[in-house]
Number of protein chains: 2
Amino acid sequence: MKNKIVRIKDIAEKAEVSKGTVDRVLHNRGRVSEEARERVLKIIQEMNYEPNLIARTLKSNKVYHIAAIIPDPLIDPYWEAPKSGLEKAEKELRHYGISVTPFIFNPYNVDSFLKKAKEATQSEPDGILLAPVFYREVLSFFDQWNVKRIPFVLFNTQIPDAAPLSYIGQDSYQSGYLVAKLLTFGLPEPCTFLVAHINEDIPNSAHLIKKEEGFRNYFVDKKLEDKYKVVRLELGNPDSGLFTEQLNKVRQQHPDLKAIFVTNSKAYEIAFYLEKHRIDNIKLIGYDLLPKNLYYLENSIINFLINQNPKGQGYWGIQQLTDFLVFKKEIQPIKYLPLDIITQENLSYYVDNEA
Amino acid sequence: MKNKIVRIKDIAEKAEVSKGTVDRVLHNRGRVSEEARERVLKIIQEMNYEPNLIARTLKSNKVYHIAAIIPDPLIDPYWEAPKSGLEKAEKELRHYGISVTPFIFNPYNVDSFLKKAKEATQSEPDGILLAPVFYREVLSFFDQWNVKRIPFVLFNTQIPDAAPLSYIGQDSYQSGYLVAKLLTFGLPEPCTFLVAHINEDIPNSAHLIKKEEGFRNYFVDKKLEDKYKVVRLELGNPDSGLFTEQLNKVRQQHPDLKAIFVTNSKAYEIAFYLEKHRIDNIKLIGYDLLPKNLYYLENSIINFLINQNPKGQGYWGIQQLTDFLVFKKEIQPIKYLPLDIITQENLSYYVDNEA
DNA sequence: GTAAAAAATGTGCTCGTACACATTAATATT
DNA sequence: AATATTAATGTGTACGAGCACATTTTTTAC
């Protein structure tokens with residue numbers, strides 16, 4: 001059987017050199033005669049040697065510091081999941097020398113972001129994981145990190161101009177497209193759909209625009225523009241009276257409103273409104289498995305949730321950086337997570353059961 | 001910082017014993033005074049020591065042989081995915097001493113199964129991964145393996161009476177339930193649904209019955225029995241004329257037939273029928289991302305597929321056995337994989353991108 | 001031709017854990 | 001009290017890769 005695991009020692013013996021020489025060939029440390037080099041290289045090929053990553057990391061007790069620049073979960077609960085994901089990854093990878101330091105900023109305050117990003121940069125980390133909530137402000141940091149050669153991984157929000165080591169998240173456009181499919185599947189008759197952006201700085205939130213774009217283009221592509229009408233609404237703070245007013249008005253203007261698509265994780269705000277006004281003929285789709293969303297999903301007020309797998313995003317972010325720093329693997333520049341469709345009936349298998 | 005990793009040596013020093021003693025405490029190898037035992041145990045708690053699994057497996061060069069008893073992918077293409085999943089796992093885990101030997105049987109031939117299962121048993125493996133296609137025949141093997149103390153993991157088909165180390169797969173009942181939800185969501189008007197079992201030995205296929213049960217119970221639970229009618233059909237070999245005849249007949253008997261639920265991975269057979277007869281007012285839901293199914297999903301003849309994640313099943317099966325054999329971890333007796341809802345629009349993120 | 005410099009190759013220790021073996025301390029037996 | 005027996009504890013090495021350092025071989029300089 002070829003089942004035997006090939007070690008450096010085996011190669012050394014077969015090539016009639018010492019393992020030191022094999023090591024030099026493997027890592028291009030020079031000081032090897034061309035003759036020996038070729039012989040060793042050939043044998044490595046033949047026996048298709050694969051280094052034992054386990055033994056490798058055991059040796060080097062280098063600690064890799066990763067700075068995780070993420071929004072405060074206490075301010076927006078959405079960010080709890082990514083945080084727990086990266087904590088999980090850190091726990092798993094501690095023995096490989098991975099150490100993660102969170103730099104937590106207020107997602108509604110640019111200065112807070114600037115401060116924390118600066119702190120993170122000054123800590124001279126070996127890698128950075130970042131949720132780039134503020135599009136404009138983050139760009140100059142990318143330059144700094146590129147100069148300093150600090151690899152950085154983005155998640156949640158895709159930034160086209162950046163050249164990160166990797167982006168982890170969903171294809172926003174496609175997720176809007178998917179939502180349109182689901183709603184038209186459930187509503188075969190002509191009607192009106194509402195795209196609701198809740199409490200967001202829209203011009204600075206490219207991914208939300210992408211979602212709306214995908215949503216609208218579905219109707220174009222499928223030639224359904226005559227059948228369905230799409231309206232949009234930028235809603236402010238749900239606690240204000242304006243919020244309710246805006247919704248009342250849109251319902252009045254569009255009596256055939258049959259579905260609402262919420263582009264972020266705050267579908268529960270709309271659900272609260274629907275429940276309060278005892279409206280049960282409007283379907284509702286949103287994002288993410290927050291407890292409040294799950295509550296309304298269970299009560300059939302929310303019909304579907306698209307799981308952005310935020311925990312997985314944090315988890316895979318750290319994993320990607322580890323693969324790069326520790327294992328020196330090739331990193332895929334974009335890692336799209338699946339667009340999970342969640343409903344009452346399959347919910348339990350997605351809650352706390354992933355990655 | 002608590003960032004320092006705790007080693008056995010650290011514990012030994014703090015407890016003023018040698019690392020040998022700590023080792024004996026950790027592994028209950030006896031020969032330790034009660035006094036020392038308690039002291040060490042306390043310090044292990046305090047410093048919350050976690051063994052370095054990396055170093056652990058590096059030491060022991062034991063090879064664990066796992067026998068994988070699975071159906072032949074050449075006979076039923078469904079089984080390609082589990083096979084590739086377990087191959088992927090083997091590759092990842094080779095350096096932990098995991099070696100997987102496939103024992104491949106004909107899923108339509110009991111004798112072939114008996115022969116291979118016997119061979120696998122005689123090879124005296126350290127663990128067994130099994131797709132228990134033949135319910136009755138597999139039971140005696142469970143007894144044998146229990147006597148020999150060979151841990152076995154089941155996947156794909158849940159067997160209630162068995163007490164495997166772990167079952168990996170989906171909750172069949174719930175998946176039927178989910179399908180009912182999707183269909184009623186898309187078909188708000190009263191109509192008839194067909195549950196189709198294609199080319200299966202139904203009495204011996206508990207998981208297919210469970211699917212139907214879940215499907216039917218959805219209507220009961222939601223008080224929709226008056227609105228929707230459910231009929232069932234056991235279809236034989238799709239290549240025979242009978243197959244088409246049966247379908248024709250059921251359509252004739254139920255003119256308001258609006259959806260078909262195929263309980264296994266052969267939805268493409270019905271799709272072929274629907275396409276051939278140019279029927280586009282019957283929705284179709286089935287299982288698994290086989291190339292043929294994907295083709296019809298792309299063409300909108302199949303509306304949804306439930307992904308049973310067969311690749312993941314093979315992968316996690318080997319992972320579970322490795323966790324048990326190599327890492328001595330606690331194993332969860334049931335590992336339900338999520339009920340992924342797949343449609344044209346989110347398909348690409350599930351194809352070859354998992355586990 | 002010899003010594004010095006450079007190139008090539010070899011040796012040995014480290015990482016954290018597990019286990020075999022060696023050693024010491026505490027009882028039991030005569 | 002001396003020896004045998006058992007219990008308790010300590011010591012040392014292996015696993016595979018990586019790297020510093022030691023050693024050998026070849027080349028260069030005079």
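Chain A is the first sequence line, chain B the second, and so forth, proteins listed ahead of strands; every chain is numbered from 1. Predicted model, so just to flag it, every value in this text is computed and none were measured. Worth knowing before you read on, the calculation uses all heavy atoms, side chains too, and leaves out hydrogens, waters and symmetry mates.
You'll find that the side chain of A/Val32 is closest to C/dT9, out of C/dT9, D/dA17, D/dT13. Here the nucleotide nearest the side chain of B/Ser33, chosen from D/dG18, D/dT9, C/dC19, is D/dT9. Distance from the side chain of A/Arg31 is smallest to C/dA8 among C/dA8, C/dT17, D/dA17. Minimum atom distance to the side chain of A/Lys19 is reached by C/dG12, of the listed C/dA18, C/dG12, C/dG10. The side chain of B/Asp23 has C/dA18 as its nearest neighbour among D/dC21, C/dA18, C/dG16. Comparing D/dA17, D/dT9, D/dC19 by their closest approach to the side chain of A/Arg29 singles out D/dC19.
If you measure from atom CG of B/Leu58 to atom P of D/dG18, you get 12 Å, rounded to the nearest angstrom. The distance between atom CD1 of B/Ile5 and atom P of C/dT14, rounded to the nearest whole Å, is 19 Å. Distance, B/Arg37 CZ to D/dT9 C1': 16 Å, rounded to whole Å. Taking atom CG of residue A/Asp10 and atom P of nucleotide D/dA17, one finds them 9 Å apart after rounding to whole Å. Note: CD (B/Glu35) to P (D/dA7) measures 18 Å, nearest angstrom. Atom-to-atom, CG of A/Leu26 to P of D/dG16 comes out at 15 Å; the value is rounded to the nearest Å. Between the NZ atom of A/Lys9 and the C1' atom of D/dC19 there is a distance of 18 Å, rounded to whole Å. For the pair A/Asn28 CG and D/dC19 P, the computed distance is 13 Å after rounding to whole Å.
Considering all non-hydrogen atoms of both residues, A/Gly169 and A/Tyr167 come closest at CA-OH, 3.5 Å.
With the nearest nucleotide of DNA chain C identified for both A/Thr21 and B/Val6, A/Thr21 has the one nearer the 5' end.
For the pair A/Tyr49 and D/dG16, the criterion of a side-chain N or O lying under 4.0 Å from OP1 or OP2 is not met. Contact annotation: A/His95 side-chain N/O to C/dG16 OP1/OP2 distance is not under 4.0 Å.
Counted within 6.0 Å of CD on A/Glu46, heavy atoms from surrounding residues, nucleotides or ligands total more than 12; the atom is thus considered enclosed.
Between A/Tyr349 and B/Tyr336, the two ring planes are perpendicular [angle over 60°; tilted spans 30° to 60°]. Ring orientation note: the planes of A/Tyr96 and A/Phe327 are nearly perpendicular, at an angle over 60° on the 30°/60° scale.
Under a 4.0 Å N-O distance rule, the pair A/Lys83/A/Glu80 does not qualify as a salt bridge.
Residue-to-nucleotide contacts include no donor-acceptor pair under 3.5 Å from the side chain of A/Arg24 to the base of D/dG18.
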